[in-house]
Every structure is written in structure tokens, then in C-alpha cells.
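Reading through the C-alpha cells given below for one structure.
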Amino acid sequence: MRSLILSSLLMLVSSLSAKPNILFIAIDDLANDCTHTPHIDRLSASGVRFDRAYNQIPLCNPSRASVLTGRRPDATQVYDLDRHFRDALPDVVTLPQLFRQNGWFTARVGKIYHYDVPNGIGTDGLDDKPSWQLVVNPKGRDVTDEKLITNPTPQKPVSAALSWLAADGNDEEQTDGMIATEAIQLLEKHRDEPFFLGVGFFRPHTPFVAPKKYFDLHPLDSIRLPEAPADDRSDIPAAAFAHNNPTPHYGLDDLTCRQALQAYRASVSFVDAQIGRVLDALDRLQLTDNTIVVLWSDHGYHLGEHLGIWQKRTLFEQSARAPLIIRAPAAKGNGHACPRIVEFIDIYPTLADLASLTPPQLDGKSLLPLLNDPTQTWDSIAITQILRPADDRLPTQIMGRTLRTERWRYTEWNEGANGLELYDHEKDPLEFRNLARMPSAEASKVMKAFHARFSNLARGLSPSSPVKPKRL
Ligand SMILES: [Ca+2]
Ligand SMILES: [Ca+2]
């Protein structure tokens, strides 16, 4: 009897000490549909790829602040690049901080919180000290070679332009190659204790810098810009276009845009190879079976859609949606894609749930049921927002909000009837036809119901309750 009690106690202790590791891989400005990414594909094939995951605000700093606090932008009050979430939420417990408080070793290499790219590379950026026990800030020749970078729009800094460099030298001389090397060293050093390791890659954010061999994977004659109807822009509200990039294709010709797209794709393949190195190390060190891997981009990315939108800061599908893969060891859904609507604020509660930690107040919900059954019914909607500062084009500051269900995208720009957008993803997945301009009876009904959900949000209620129209 005594030995039975003792063994039960031992089992309890062993289950309590079962602390899964977290490998938290953040990529800056990764578009949803990329090619030549064998290592991200490998992770997808062994985890759950979320094909309808939406970030809360498609811009580096505010999106990262939202993911890492698990709060919507209206709680963090971070809408732009220069503000820290602790200004509004001084005592918030961040995702890595929760793990740190519960005995995990927490470390960051590269960009997890916001950095100005490329100027902030090698510094702490807009980091959060309570989150980490250790931080590493590599800085490679992509920064020192800045004078070699091609920038076809010299009036814009390389951080905001479609700028690029097919670089000499090997992967490990670039910042992202150094980040993989440092991450592997940390895995080797800390393999025997529970860890939360944030590995944040700076590419494919502009300037699109990658070693030359990655450009060869994407021959220029295979690169085409996305197509759209000639009158696509006629039904899009003015505020829907990013205030800092209102000119189609930056005024660049087709060849220059295709060169930029080639460079972007090369940067993605370069980052993918670095992710492969880290995943290989996880296997080699026999950590794979006890490590949860999360891969995410801070937002999606435009590559010329709608006759010339590039980068981010829009509420269209390409920007509001973003890559998200979660591989939890033993999750029954591994190897499958999840078609359900999820939000980036769900990442924090999911990881807390997987590690049996009690999180503080959060705005999202755990995706654990979807990790085990990715196609199960999931009653959820996604909300994404963006702030447009007042300028010559928009006389007043505007907060645009968009809502996504499995069928619809509905957007309000606070500009009256002309500031509304509704797209039917069953018939129009590229969002060419704005049904809000001449709404049918069905479209009017849908918009009314969705407007009520935004009102809920403004009143501090969950946007999914209590208005629940059937089958929208
Ligand atoms: Ca970004
Ligand atoms: Ca249109």
C-alpha cells in the first residue's frame, strides 16, 4: 500500500515536472503563399497549419505587442511603431514572462518584440526586459553592406522601399544566418532544462537581402505580378490603401516590380533555410518530442495585389491573414491543415494551455481543440484593425476595422456608406467586388449583423457574443 501511494506521488510529481519546451519562431513580413520553402513545409507536414489565421493589426510593433500580451490593440493601445505596450499595461504578464515565472528558461535571439529594420538590427529594439533571462542581438553584413542595396525609389528609405540585394558570401554572414547559429547554440546549452526560446528572423522585411543562390531559385522570367480587373480600384474606399504607400506599385515599372518580387521570394527561401537549420538541431538534440514549435509572421504581406498594393497596413486578406503553424508533440491533428477562423491573440492561451499554465486576463482562446481535430466546428470570427493618421489625403484620423467569417469579410472605415466593404469569399476570394457599394438584400442583412458585432467590441464585449446570426 505504501509503495502504491509512493508510486502515485512520484507519477504526480513527474507529470507536474513535464514542462514542454517552446520554440517560438517569428518571421517579419512573411506573405501567406510562398514558394521554395521546404523547411516551413516540413513543419506544416508534421504540425497543424492554420489557413485562416488573422493578425489583429497588420504592422510590426502593434501586432507583436498584441501577440505577446494576448490582448487586442484597443487594450495595448499600441497602433503604430513608436509606443511600448507597458505604457498602457505596465503590469501585464507577457507570454514568455508567464513561462519565466513558472520556471522555464526564457531567451530571445533577434526580432521578437519590435525593431526598426534595418536600423535597429544589433540593438535591443523595443524589447521587454521582464520577458527574458537572456537576449542575443546579432548584426550581420546585410546591415554593413547597406550601400550596395538597390533602391529604385530613392525618396524612400530602404526600410520602407522595395529595396534589395543579391548578396555575396554565405548564409552565416547575414544577420538571420547568425540568428539561427545562436539559436542552435542556445538549444545545445539549455537542452536539459525547460526553455522558451524566441527566434526572430528579420527577413523578408525590406531591404530584401539574401545570398545570391536564393535568387537563382526564383528566375525572373518565372515571376509575374498578380492580376486584377482593370476597374478593381473603383469600388475601394480611399482609406483602404495604406496612407504611406498610396501610389500603385510606387510608380515603378513592371520589370522593376518583378525584380523586387524575385528578391522578396529569395529572402523568404533564405529565411526558410535558416529555419531548417534550427529544426535540424532540434531533431539532432532529441528535443523534438518535448518541444512545441510555433511559427508565425507578424502580419501578411502584399506583393502587388489590387493593381499595385505592396507591403502591409491594409485590411485586405493578404495583409490581415498571416502564416501560423503550431506543432505540439502528440497533437492528433498534426499533419493536417486547419480551415477554421482563428486569431493571433489565440497563440498565448494555446501555449499556456499546452503547458498547463494559468494565464492572466487574455482576449483570445486556446486552440487546443483544433490542434487535435483541425476541421471540427469552431464558432469564431476574426477582427483586424489599422489606424490611419490624418494627412493630406485623409483630413481626420481613421480607425479601420475588418471582420472575417469563413464566408465574408466586412470592413468599416468610419467614412459613412462610402467607407464600407463587403466581400463574399465563396465567390470572390481575391476581394475584387465590393458588395457594399450596391448591396443586395442579403448583403444589407449581413452588414447589419456584422456592424452589431463591432458595436459589441466597442462596448467591451466579445465580438462573437451575444449577436449570433445563423450561417453567416
Ligand atoms: Ca512586420
Ligand atoms: Ca474592386
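Worth saying up front: this structure is predicted, and the values here are computed from it rather than measured.
With contacts defined as side-chain heavy-atom distances shorter than 4.5 Å, the pair R42/D280 qualifies. Between R108 and N137 the shortest side-chain heavy-atom distance falls below 4.5 Å.
In this structure, F99 has its ring center under 6.0 Å from that of W104. Aromatic rings from Y423 and F432 are positioned such that their centres are separated by 6.0 Å or more. Between W310 and Y301, the ring center distance fails the sub-6.0 Å criterion. Residues F105 and F196 keep their aromatic ring centres 6.0 Å or farther apart.
Remark: side-chain polar atoms of N170 are paired, donor with acceptor, to backbone N or O of E173 under 3.5 angstrom. With S267 contributing its side chain and P204 its backbone, the two residues share no donor-acceptor pair below 3.5 Å.
More than 12 heavy atoms of other residues, nucleotides or ligands sit less than 6.0 Å from atom NZ of K156. Atom CG of D289 is surrounded by 12 or fewer heavy atoms from other residues, nucleotides or ligands within 6.0 Å. More than 12 heavy atoms of other shown residues, nucleotides or ligands fall within 6.0 angstrom of atom CZ in R141.
There is a side-chain donor-acceptor pair under 3.5 Å between R327 and S46. Using modelled atom types, one finds no donor on one side chain facing an acceptor on the other under 3.5 Å when comparing S131 with R100. H218 and S269 share a donor-acceptor pair across their side chains, judged by distance under 3.5 Å alone.
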